[in-house]
Protein chains: 2
Amino acid sequence: MERTLFMNFLAARGLKLTKERMAVLRQIFSIHGHFEPERLYLNIRSSGIKASRASVYRTLNLLVESGLVERISRSEKGNVYEHTYGHRHHDHMICTTCGEVIEFFSENLEEIQNVICTRYHFTGTSHTLEIRGQCRTCKKRKK
Amino acid sequence: MERTLFMNFLAARGLKLTKERMAVLRQIFSIHGHFEPERLYLNIRSSGIKASRASVYRTLNLLVESGLVERISRSEKGNVYEHTYGHRHHDHMICTTCGEVIEFFSENLEEIQNVICTRYHFTGTSHTLEIRGQCRTCKKRKK
DNA sequence: GGCCCAATTGAAACTTAATCTCAATTTCAG
DNA sequence: CTGAAATTGAGATTAAGTTTCAATTGGGCC
Ligand SMILES: [Mn+2]
Ligand SMILES: [Mn+2]
Ligand SMILES: [Zn+2]
Ligand SMILES: [Zn+2]
C-alpha cells in the first residue's frame with residue numbers, strides 16, 4: 001500500500017525513512033478528503049507525534065513528487081491537497097458562494113483531453129480542472 | 001470595446017474612473033498574452049505613468065470581477081492573468097520542463113462540462129483546466 | 001465653474017504561506 | 001559499530017498580496 005510505495009520512492013532517490021516522514025504519511029492517509037498543510041501539522045501535533053512545520057511541508061512536497069498526493073488547488077489562503085492512492089482521479093466543482101466542493105469523474109472528459117494532447121504533440125501527465133459556480137442549494141436560496 | 005465595458009462596470013458599482021485605473025486597463029490590453037502583476041506594474045511605471053503597486057493590484061481585482069481579465073494560474077511565484085475580452089475562452093497545457101504554454105480550445109470539452117454540471121445541479125460560471133506534461137521539443141530532447 | 005463628500009490614492013506597515021538556514025541529530029550502508 | 005550524508009527543528013527570511021490612513025480626487029449637483 002501507500003507505505004510501501006513511499007518507501008520505494010524514498011529508496012529510489014537515496015532519501016531516508018524517518019519517523020517524521022512516516023508520521024506525515026500516516027496522518028494524510030487517515031484523513032478522508034481534502035486538507036491544508038496547517039491542519040495536517042496541527043493534527044500530527046495533537047496526535048502526540050512531534051514533527052515541525054518545516055518537515056510537514058518538506059514531506060508534503062515529496063509526496064506530491066511521488067504521486068501519492070495531489071495539490072488540488074492554490075489560493076490566497078494556501079494550498080489544498082488530497083491523497084490519490086486508493087482514490088480514483090477526479091475533478092472538482094467549487095461553489096463560490098458556500099465553498100462546497102463536488103467531486104466528479106468523466107471518462108469522456110479524460111478521453112477528449114488525451115485526443116487534444118495528441119493533436120498538439122503534448123505528453124500530458126496530469127491535469128487539474130476546476131469548475132466554479134453555484135451549487136444547487138445556493139442557487140435556490142438566491143431566488 | 002474594453003474601455004467602455006470597464007466604464008460601465010465601474011458606473012454600475014458607483015466606482016470612479018481614475019487615471020490609475022485607466023492606465024492599468026490600457027497596459028493590460030496592450031500586452032498580448034499572459035502577464036504577472038509585478039511585470040504589469042513595472043510596464044506601467046516605465047511608460048511614464050505613475051500608479052502604485054497597491055492600485056495595480058486593486059484594479060486587477062476589479063478587472064477580474066468585471067470579467068474582462070481572468071486569473072489563469074496561481075503558483076508559489078504569484079498569479080498569472082490574461083485579458084479575455086476579444087480573446088475567446090481557452091484552456092492551457094503547460095510544459096513542466098521548459099514552461100511553454102500551449103493554448104487550446106475544444107467545443108467538445110466545454111459541452112461535456114455543461115452536461116456534467118447539469119447532472120450535479122451545479123450552475124457553472126467559469127472553469128480552469130490546466131494540463132501539465134511535456135511539450136514536443138522537451139520530449140524529443142530527453143530521448 | 002465651484003461645492004462637497006464619498007471614493008481613491010500611495011507609502012509604508014502588515015499578513016501569512018512557504019522556504020531557507022544551520023547546528024545538532026539521525027539514518028543506514030559497509 | 002562507524003562515518004558520511006541526509007534530516008531535523010527553531011527561528012529567520014521571503015515575497016505576493018492586502019491593509020491602513022492621511023491626503024487627494026472624481027463627479028453629481030447647483
Ligand atoms: Mn477531491
Ligand atoms: Mn491563455
Ligand atoms: Zn453553495
Ligand atoms: Zn517544453
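Keep in mind the model is a prediction, meaning the values are calculated, not measured. Here is how names work: the chains are called A, B, and so on, in the same order as the sequence lines, proteins then strands, and each is numbered from 1.
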Given B:H87 and B:E103, is the side-chain contact (heavy atoms from CB on, under 4.5 Å) satisfied, shown in steps? CA-CA 11 Å; B:H87 201 289; B:E103 307 190 324; 4.2 Å; yes

Is it true that the side chains of B:E2 and B:H83 contain a donor and an acceptor less than 3.5 Å apart? no

Indicate whether the side chain of A:R53 and that of A:Y57 have a donor and an acceptor atom separated by less than 3.5 Å. no

Side-chain hydrophobic cluster, 4.5 Å single linkage: members besides B:I72: B:V80

Nearest 0.5 Å, what's the CD-OG distance between B:E110 and B:S106? 7.0 Å

What does the B/S/- profile of nucleotides 12-18 of chain D look like, 5' to 3', with a 4.0 Å heavy-atom cutoff to protein? ----SSB

Which pairs with one or both residues in residues 114-123 of chain B pass salt bridge (charged side-chain N to carboxylate O under 4.0 Å, His left out), sequence neighbours excluded? none

Linking I/L/V/M/F/W/Y whenever any side-chain heavy atoms sit under 4.5 Å apart, do A:L68 and A:L17 land together? yes

Nonpolar side-chain network containing A:V101, other nodes, edges under 4.5 Å: A:I94

N/O donor to acceptor pairs below 3.5 angstrom from side-chain atoms of residues 21-33 of chain B, sequence neighbours left out:
| residue | atom | partner | partner atom | Å |
| --- | --- | --- | --- | --- |
| B:R21 | NH1 | B:K16 | O | 2.7 |
| B:S30 | OG | B:Q27 | O | 2.8 |

Using the six-membered ring wherever Trp is involved, compare the ring planes of B:H90 and B:H92 and label them parallel, tilted or perpendicular (cut-offs 30° and 60°). perpendicular

Have a look at the helix from C:dG1-D:dC30 to C:dG30-D:dC1 and give the angle its two end axes make, five pairs each, rounded to 10 degrees. 40°

Quick one: side chains of residues 58-65 of chain B, donor-acceptor pairs under 3.5 Å with protein atoms, not counting sequence neighbours, listed by atom name and distance.
| residue | atom | partner | partner atom | Å |
| --- | --- | --- | --- | --- |
| B:T59 | OG1 | B:S55 | O | 2.7 |
| B:E65 | OE1 | B:R13 | NH1 | 3.2 |
| B:E65 | OE1 | B:R13 | NH2 | 2.6 |

Heavy atoms of other groups near B:R71 CZ, more than 12 under 6.0 Å: yes

Over all atoms of both residues, closest heavy-atom pair of B:I44 and B:A51: CG2-CB, 4.2 Å

Start and end of chain A contact along DNA chain C [non-hydrogen atoms, under 4.0 Å]: C:dA17 to C:dC28

Output the residues of residues 28-35 of chain B in contact with DNA chain C, where contact means a heavy atom of the residue under 4.0 Å from an atom of the strand; sort by number or write none. none

Taking transitive links into account, so neighbours of neighbours count too, which hydrophobic residues share a cluster with A:Y120 at under 4.5 Å side-chain distance? A:M93, A:I102, A:F104, A:L109, A:I112, A:I116, A:F122, A:L129, A:I131, B:M93, B:I102, B:F104, B:L109, B:I112, B:I116, B:Y120, B:F122, B:L129, B:I131

Could you pull out all residues at least two apart from B:T128 that satisfy side-chain hydrogen bond (donor to acceptor under 3.5 Å, both in side chains)? A:R132

Please list, by residue number, the residues of residues 4-19 of chain A whose heavy atoms come closer than 4.0 Å to an atom of DNA chain C; answer none if no residue qualifies. A:K16, A:L17, A:K19

